[in-house]
Each structure stands twice: as structure tokens, then as C-alpha cells.
*Asks:* 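I'd like to ask some things about the structure below.
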Amino acid sequence: MRNFAPFDERLSVWTADTMKTLFGLGESDIKLGVSPTNNEKFGDYQCNAAMELTKVLKKAPRQIAQEFIDAAKRPDFVEKIDIAGPGFINFTLSNTALAEHIQSLESDPYLGVEQVGQGQTVIIDYSSPNVAKPMHIGHIRSTVIGNAIDRLYRFLGYKVIADNHLGDWGTQFGLMMVGFRSFVDEEALAKAPVEELERVYVASYNQSKEDPSWREKAKSELVKLQQGDPENRALWERFIKLSIEEFNTIYDRLDVKFDLYRGESFYNDRLPKIIQSLENKGLATESDGALIVDLEEEGMPVCIVRKSDGGYNYATTDLATVEARIEEFSPERIVYVTDERQQLHFKQFFTIAKKLGMKANLVHVWFGLMRLPEATFSTREGNVIKLAALLDEAEVRSLEMVKSSSPDMPEEQQKDLARAIGIGAIKYTDLSQNPQSLVTFTWEKALNMEGNSGPYLQYAYARISSVSDKYATKYPDTHLDQYPITIEHELERRIAIKISRFPVAIRAAAENYRPNILADYLYDLAQIYSSFYQNVPFLKADEGIRESRIRLCRSTAAVLRQGLNLLGIETPERI
RNA sequence: GCCCCGGUAGCUCAGCUGGAUAGAGCAACGGACUUCUAAUCCGUAGGUCACAGGUUCGAAUCCUGUCCGGGGCACCA
């Protein structure tokens, strides 16, 4: 085990080993490890095994706990062990061990987090908007949650391939072609390309409803595109290029980067082969002219892999995509981040992929739909809020605050700061909720800058940074490492404990694909720190205590900076 | 009809792989800026964890049923 192993791990291994030996236990479901206490008065960690062991050992829980304590040789990082309530075994860490642990983390760029992903590749498929449709607030979840998962896995040592699987193929392009040639306004296209493309699409769609010949024309243009007609191909490529350019301005603002932009069309050539293997394995059957895979045994409805008109479905494209990804990257895992409506689709196509013998763990991370207080929003209802507008508003609002709180700051810097804060606020709102819960969008919540919010965390960080710099200016010749960290004050202790639990939060957030676990953790840490900051002097403390506290501050800052970075939230040095 | 989610303080949400008195933020009320940044801190008040059963030493958490809300269920993705 590494030096920096979190106390939870070390304690759990120890309690489990000790109990197994002492009581002659074999493997069982009973959890012999420890978990954090939910109240400080019970110590730092608790083990609940004694209560569960009564069945096996036929002894009273408190007696079991007592026997454990009597027999166990307590590790040196544990200050005291006691029994409480019906048989809880509570552990209190020694302040010295805590202090040493925090000191040892100062030189660890990973802050105690183990590189569990070494040598493994993970593909994360997220954001994935449709070409020629503007991104609206519904897209922020896939983008921001996907990006946080991306960053978390990289931090754990995985080789991550972030793939933006654009919706760049489909029947809508027939309408786009004919619509574009008749309706496009080149000026508008230059100004807001995707908006104009969408307008063209809607106009063309409306025309098709009344005009059968228009519909026919669209169909034949689509066929021409699919057959590789150079002119249509060029136009289609232009749609994609314009869309990606515009998406990229949003990704830049959100500080989101992809390794690949491979749309659905990238896998077109492989589709017939997928159908072929489905047929070869006897998985596909004809039904009403379409080719389907029967999934009744798995308790799911049939999955269409080829339409009666010969066209392919997205299930087929997704299968081809997996196949191609395995050939090229041999990923240990492929993670898809989409909204909840696609659960059935992913279940179906994961099942088929398995039947085809595709070897990669396929994971669908889904999140609840974003809705407006009045109703679910939809393009049809016309109650769509554009993502760009949301980002603009965030920056405007935070700029106001920056101007009033830092009037002397140069304007460029104010703007830059406002951007970091505004975007941080939006990201944090999304990331701090359980992804699977249904989200009701309100401006107030999305742009919250007080209390449990992105700016609260950034503010805590900026305060540390400021204190830390003031210390350096005031005591330029002092070497902090000549003064040990000492833990005396209750708040110092709480901070140290919290910092030591960073790896647990990271692992839980990554393994469960739930960035909100990390967001919660960081908020707790910032809260404890803010209390510390407000109630305990640093610079005015006596020599020794002063340095110890500054070191604690800097450790807190390191965790906040790294943690927020993993959520994709910037940490300005001054706010 | 079947399947998947959600229902926790006035509002927005954590907690859900069972543990000790259910937590935050906002809103309300009362305090703290000559002091390391008040986007802050300290305190008060606020709960039949939708409802009913069950499992358990112990249930917001697991199981069953009911009600309410969202989503999905063959040629859109």
C-alpha cells in the first residue's frame, strides 16, 4: 500500500483483518470495514460489524466489540477506540498522525489519489449535439457532466478519449439541402450560422408539409447525398463545418476539449457489415419489411436495425461505432453520457453488442431531463433557451458583481474574472445535483452566486490565495517547512480530516459517474474553511502556529484548486 | 398496459450499496465589517422523509402495493 493511503482504507483493512483472525471468520457479506461517523462526537470513523456479527458469533454486540478492542493492537495513527450505543466501535485518529498525513500530501501532485487507471483506455462519448441545430440549455448537462467525468478519469490515470459523436447524418439533410438552396440568407449565415441553418430547416420542413413535390425533391437530394453526389456532399460538409465552428465557440467558453469529433457518418461504411454479422449469427429477422433483433428473452421490445426502406437506424450506427472504437483503441470501457430518454435504446444496443461478441464494458450514464418550471421545453413549444444566451447572461451578472466589489481592477481583468465566475456558477449548479434527478431550470438557480454555489468555492479559494500571498510578503525569509503542522483547534482538525478524505470523494465520484459527490465534498471543505477563516487568526497568530495554519490553508487551496479543476471550474487568485 | 426515474423544511436540493439526534442553500428572524477579501461568518426558527404494509437489533435508505409528477415502449436520434 502506498504511503498516502487514506485513513479509511488503512483502518478498514486493519479492522477486517483483525476481526477475521480474532473470530475465525471466512468470507461473508458482513462489512468489517469502517465508515466516517456522521457526528464528530463519535470520533472520526466507525465500524458497525459487531452488531451484524451477533448472528454469526452468537454473542452480544457490545461483547464482540469489547473482545475486539481487548485483543486488537491499535495502529499508531489511532488515538482511541471506544464502544458506544448498541455496539458501535468508534475510532479517533491521532492529531499527530493527521498532521503528518497532511504534510506528506504537500509533495503529492495527486493529493493522495491512487492512479488506478494506469494503462487503461476509456472512451467518453458526450455532448454530441446535432449538426445545424443550436445548442440549448438541455445540452449543458451532457457537456458539463461528461466533461467532469472525462477530467476525473484522466486524473485517475486513465487514458481518456473524449469523443463528440455529432448527429451529422439522417433524413433531415434532404430537407436541409433543398431548403438551403431556396431560402438561405448568406448574410444571416455569416453572422449566426447555426441559427440560420435551423431557420432554413424549419422553413423547408413547413414547405414539405404542404407541398408533396418539395418532399419528393428532398428525398431525392438525400439519396444523392448518400450516394456521394459531389455537390450535395460539399454542401453537407459545409453544414458540418459551420456547426462545429460554432459549437467550438461554446466549448471554448466552457473550457471543454474533445479528442475526436466523429459524427455518425464516420461509421457509414461499416453498417452493411454489422447487418451481415447480425444475420450470420442468426440474431436478425425480417418483420414487416424491416430487419429486427428480437430481445424478448431479455424482456425488451424488438430493436430495428434496418428500416423497411433499406435505411439504417441509430442502433446500427451505434453498433458500428463500438466495433470501430474497439478495433482502433481497445478501450477497457466506453461511457455514453445522454439524457434519460435513451435508456431503452442503450440497453438494447448494449445487449446486441454483447451478443455480437464485442469486448468492452459499455456504460450508459444518463441524467434527468432539464425542464422549465412551466413545462418540459421543446423546440415545438418555442420555449427554448439557447445555451449561448445562458452563458452571456451569467457573464453579465457576474461582471456587475465584479465591478462593484473590485472597482479598481483593470477592465480586461474584470471581464476575465466575470467569465470565470459566471461560467463557474453555471457549471456548479449542474454538477452539484444528482445527475439522475429531474432538473427544473430557473435563472435564479442556474446563476446562483451565493451559498452553495460555484462562486462560493472560488471565493474561498481566492481568500486563501490572498492570505497566502500576504504571508509570503510579510515573512519573505521564512521557510514554512521548518515549522511542522500542528493540530490543536477543532477547526484545524476538521479541515485536516476533510483533506484526508479527498481521494475517497474522487473515487466515489468517478466510479459512480456522479460529479455531484465531488461537488458536495468541495462545498463541505470550503464551508469548514470559511468558518476557520472567519473565526481563527492566521497572520496574527504566534510564530509556529501561524506557519502551521498557513500550511493548512495552502493544503486546502491545493485540494480546492484540483477539485474545482476536475469539475471544469476555474480558480482565480483574486475575486 | 408494460418498463425506467423522481416525491425529504415555505422554495431549490443533498443524504438512498441499512446505523446513533435527517442535512445544506435560498427565503424568515437576530447578531458580526477600525482586524487575514461580508460573494463571508455566528445564531434562532422550520420535517408524519408522498402513503400503507413488510424485512431487520436498527429503514429516508431494502422489498411489496397504492397515489402524484416526468420519461420511454417498431421503422426519429
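Each chain gets a letter, A, B and so on, in the order its sequence line appears, and its residues count up from 1. Remember, predicted model here, so these are calculated numbers, not experimental data. Both backbone and side-chain heavy atoms feed into the values below; hydrogens, waters and symmetry mates do not.
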*Asks:* Per the atom types in the model, does the base of B:A20 pair as donor or acceptor with the side chain of A:N90 at under 3.5 Å?
*Replies:*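 Between B:A20 and A:N90, which were checked side chain against base, a qualifying N/O pair under 3.5 Å is present.
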*Asks:* Report yes if at least one side-chain N or O of A:R341 is closer than 4.0 Å to OP1 or OP2 of B:G70; otherwise report no.
*Replies:*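 Indeed not, no polar side-chain atom of A:R341 lies that close.
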*Asks:* B:A77 phosphate, OP1 or OP2: any side-chain N/O from A:N313 under 4.0 angstrom?
*Replies:*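 Yes, within the criterion.
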*Asks:* Kindly state whether the ring of A:F23 and the ring of A:F68 have centres lying under 6.0 angstrom apart.
*Replies:*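 Centroid separation for A:F23 and A:F68: 6.0 Å or greater.
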*Asks:* Answer yes or no: is there a side-chain heavy-atom contact under 4.5 Å between A:F538 and A:K470?
*Replies:*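 Contact flag for A:F538/A:K470 side chains = no.
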*Asks:* If I pick the P atom on B:C42 and the same atom on B:C33, what distance separates them, to the nearest angstrom?
*Replies:*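 Rounded to whole Å, the distance is 15 Å.
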*Asks:* Charged N to carboxylate O below 4.0 Å: is that the case for A:D339 and A:R141?
*Replies:*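 Looking at A:D339 and A:R141, the cut-off is not met.
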*Asks:* If the cut-off is 4.0 Å, is A:S437 near the phosphate of B:A14, judged by side-chain N/O to OP1 or OP2?
*Replies:*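 So the side-chain polar atoms of A:S437 do come within 4.0 Å of the phosphate oxygens OP1 or OP2 of B:A14, strictly under.
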*Asks:* Can you tell which of B:A77, B:A20, B:C57 lies closest to the side chain of A:Q46?
*Replies:*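 Nearest listed nucleotide: B:A20.
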*Asks:* Is the number of heavy atoms from other residues, nucleotides or ligands within 6.0 Å of OH (A:Y475) greater than 12?
*Replies:*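 Yes, enclosed.
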*Asks:* Are A:N516 and B:G15 close enough that a side-chain N or O sits under 4.0 Å from OP1 or OP2?
*Replies:*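 True: A:N516 side-chain N/O within range (under 4.0 Å) of B:G15 OP1/OP2.
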*Asks:* Tell me which nucleotide among B:U37, B:C75, B:C13 gets nearest to the side chain of A:V467.
*Replies:*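 Ranking B:U37, B:C75, B:C13 by closest atom to the A:V467 side chain puts B:U37 first.
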*Asks:* Between P on B:A24 and NZ on A:K498, what's the gap in Å once rounded to a whole number?
*Replies:*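 Answer to the nearest Å: 13 Å.
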*Asks:* Tell me whether the OP1 or OP2 atom of B:U37 has a side-chain N or O from A:K470 closer than 4.0 Å.
*Replies:*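 For B:U37, OP1/OP2 do have a side-chain N/O of A:K470 under 4.0 Å.
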*Asks:* Would you tell me if any nitrogen or oxygen in the side chain of A:N434 comes within less than 4.0 Å of OP1 or OP2 on B:G15?
*Replies:*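 Answer is yes, contact under 4.0 Å.
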*Asks:* Using atom P of each nucleotide, how far apart are B:A14 and B:C62 to the nearest Å?
*Replies:*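 Roughly 15 Å separates the two P atoms.
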*Asks:* For the pair made of NZ in A:K540 and P in B:U37, what is the distance, rounded to whole Å?
*Replies:*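 Answer to the nearest Å: 9 Å.
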*Asks:* Considering every strand shown, what is the Watson-Crick or G-U wobble mate of B:G19 when both distances are under 3.5 Å?
*Replies:*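 Partner of B:G19: B:C57.
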*Asks:* Under 6.0 Å between ring centres: does that hold for A:Y336 and A:F346?
*Replies:*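 A:Y336 vs A:F346: aromatic centres under 6.0 Å.
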*Asks:* Quick check on B:U37: is either OP1 or OP2 less than 4.0 Å from any side-chain nitrogen or oxygen of A:Y533?
*Replies:*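 Checking B:U37 against A:Y533, a side-chain N or O does come within under 4.0 Å of OP1 or OP2.
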*Asks:* If we only count heavy atoms from C-beta on, is the A:R514 to A:N434 side-chain gap below 4.5 Å?
*Replies:*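 Yes - at least one pair of side-chain heavy atoms lies under 4.5 Å apart.
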*Asks:* Under the 5.5 Å and 30° test, is A:F88 stacked on the base of B:A20?
*Replies:*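 Ring-base stacking flag set for A:F88 and B:A20.
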*Asks:* State whether the aromatic ring of A:F42 stacks on the base of B:A20, taking stacking to mean ring centres under 5.5 Å apart and ring planes under 30° to each other.
*Replies:*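 Whether judged by distance or by angle, A:F42 passes, so it stacks on the base of B:A20.
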*Asks:* Taking only the side-chain nitrogens and oxygens of A:S453, find out if one of them lies under 4.0 Å from OP1 or OP2 of B:G25.
*Replies:*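 So the side chain of A:S453 is outside the cut-off, no N or O lying under 4.0 Å from OP1 or OP2 of B:G25.
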*Asks:* Would you state whether a donor and an acceptor, one from the side chain of A:Y314 and one from the base of B:A77, lie under 3.5 Å apart?
*Replies:*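 Donor-acceptor pair under 3.5 Å: yes.
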*Asks:* Just the rounded figure in Å: distance from C1' of B:G25 to CG of A:L522.
*Replies:*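 My rounded result for the distance is 16 Å.
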*Asks:* Classify the side chain of A:Q534 and the base of B:A38 as holding, or not holding, a donor-acceptor pair under 3.5 Å.
*Replies:*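 No, no donor-acceptor pair under 3.5 Å.
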*Asks:* Could you state the atom-to-atom distance from CG of A:D309 to C1' of B:C76 in whole Å?
*Replies:*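 After rounding, the reported distance stands at 12 Å.
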*Asks:* Please report the distance, rounded to the nearest Å, between OH in A:Y523 and P in B:A24.
*Replies:*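 From A:Y523 OH to B:A24 P: 9 Å.
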*Asks:* Hey, does the side-chain of A:S287 have a donor or acceptor N/O within less than 3.5 Å of a partner on the base of B:A74?
*Replies:*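 Indeed there is one.
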*Asks:* Counting only Watson-Crick or G-U wobble pairs whose two distances fall under 3.5 Å, which nucleotide matches B:A45?
*Replies:*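 Looking at the geometry, B:A45 pairs with no nucleotide.
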*Asks:* Just wondering, are more than 12 heavy atoms of other shown residues or ligands nearer than 6.0 Å to NZ in A:K219?
*Replies:*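 Not buried by this count: 12 neighbours or fewer within 6.0 Å.
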*Asks:* Looking only at side-chain atoms of A:E450, point me to the closest of B:C42, B:A39, B:G19.
*Replies:*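 Per side-chain heavy atoms of A:E450, the pick is B:A39.
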*Asks:* Can you check the distance between B:G53 and B:U44, where both ends of the measurement are the C1' atom (answer in whole Å)?
*Replies:*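 Their C1' atoms lie roughly 39 Å apart.
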*Asks:* Tell me: CG of A:N48 to P of B:G58, nearest whole Å?
*Replies:*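 Between P of B:G58 and CG of A:N48: 15 Å.
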*Asks:* Verify the contact: side-chain N or O of A:S466 to OP1 or OP2 of B:U37, cut-off strictly under 4.0 Å; return yes or no.
*Replies:*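 Checking B:U37 against A:S466, a side-chain N or O does come within under 4.0 Å of OP1 or OP2.
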*Asks:* Going by purine N1 to pyrimidine N3 plus the second Watson-Crick contact, or the G-U wobble pair, all under 3.5 Å, which nucleotide sits opposite B:A32?
*Replies:*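 Looking at the geometry, B:A32 pairs with B:U40.
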*Asks:* Starting at atom CG of A:D520, determine the distance to atom P of B:C13, rounded to an integer number of angstrom.
*Replies:*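 Taking CG of A:D520 and P of B:C13, I get 14 Å after rounding.
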*Asks:* I'd like the P distance from B:G47 over to B:G70, given in whole Å.
*Replies:*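 To the nearest whole Å, 28 Å.
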*Asks:* Any side-chain N or O of A:K31 under 4.0 Å from OP1/OP2 of B:G18?
*Replies:*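 Yes, because at least one side-chain N or O of A:K31 sits under 4.0 Å from OP1 or OP2 of B:G18.
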*Asks:* Closest approach to the side chain of A:I575, judged atom by atom: which nucleotide of B:U37, B:C41, B:A14 is it?
*Replies:*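 Among B:U37, B:C41, B:A14, the one nearest the side chain of A:I575 is B:U37.
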*Asks:* Does A:S142 reach the side chain of A:F367, with side-chain heavy atoms less than 4.5 Å apart?
*Replies:*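 Yes, side chains in contact.
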*Asks:* Under 4.0 Å between a side-chain N or O of A:Y456 and OP1 or OP2 of B:C41?
*Replies:*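 True: A:Y456 side-chain N/O within range (under 4.0 Å) of B:C41 OP1/OP2.
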*Asks:* A:K307 side chain N/O closer than 4.0 Å to the phosphate oxygens (OP1, OP2) of B:C76?
*Replies:*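 It does, given that an N or O in the side chain of A:K307 lies less than 4.0 Å from OP1 or OP2 of B:C76.
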*Asks:* Examine B:C26: is either OP1 or OP2 under 4.0 Å from a nitrogen or oxygen in the side chain of A:N448? Give yes or no.
*Replies:*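 Checking A:N448 against B:C26: no side-chain N or O falls below 4.0 Å of OP1 or OP2.
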*Asks:* Output the rounded distance in Å from CD1 (A:I421) to C1' (B:U37).
*Replies:*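 Roughly 12 Å, once rounded to whole Å.
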*Asks:* Between B:A59 and B:A27, how far is it from one P atom to the other, in whole Å?
*Replies:*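 About 36 Å, rounded to a whole number of Å.
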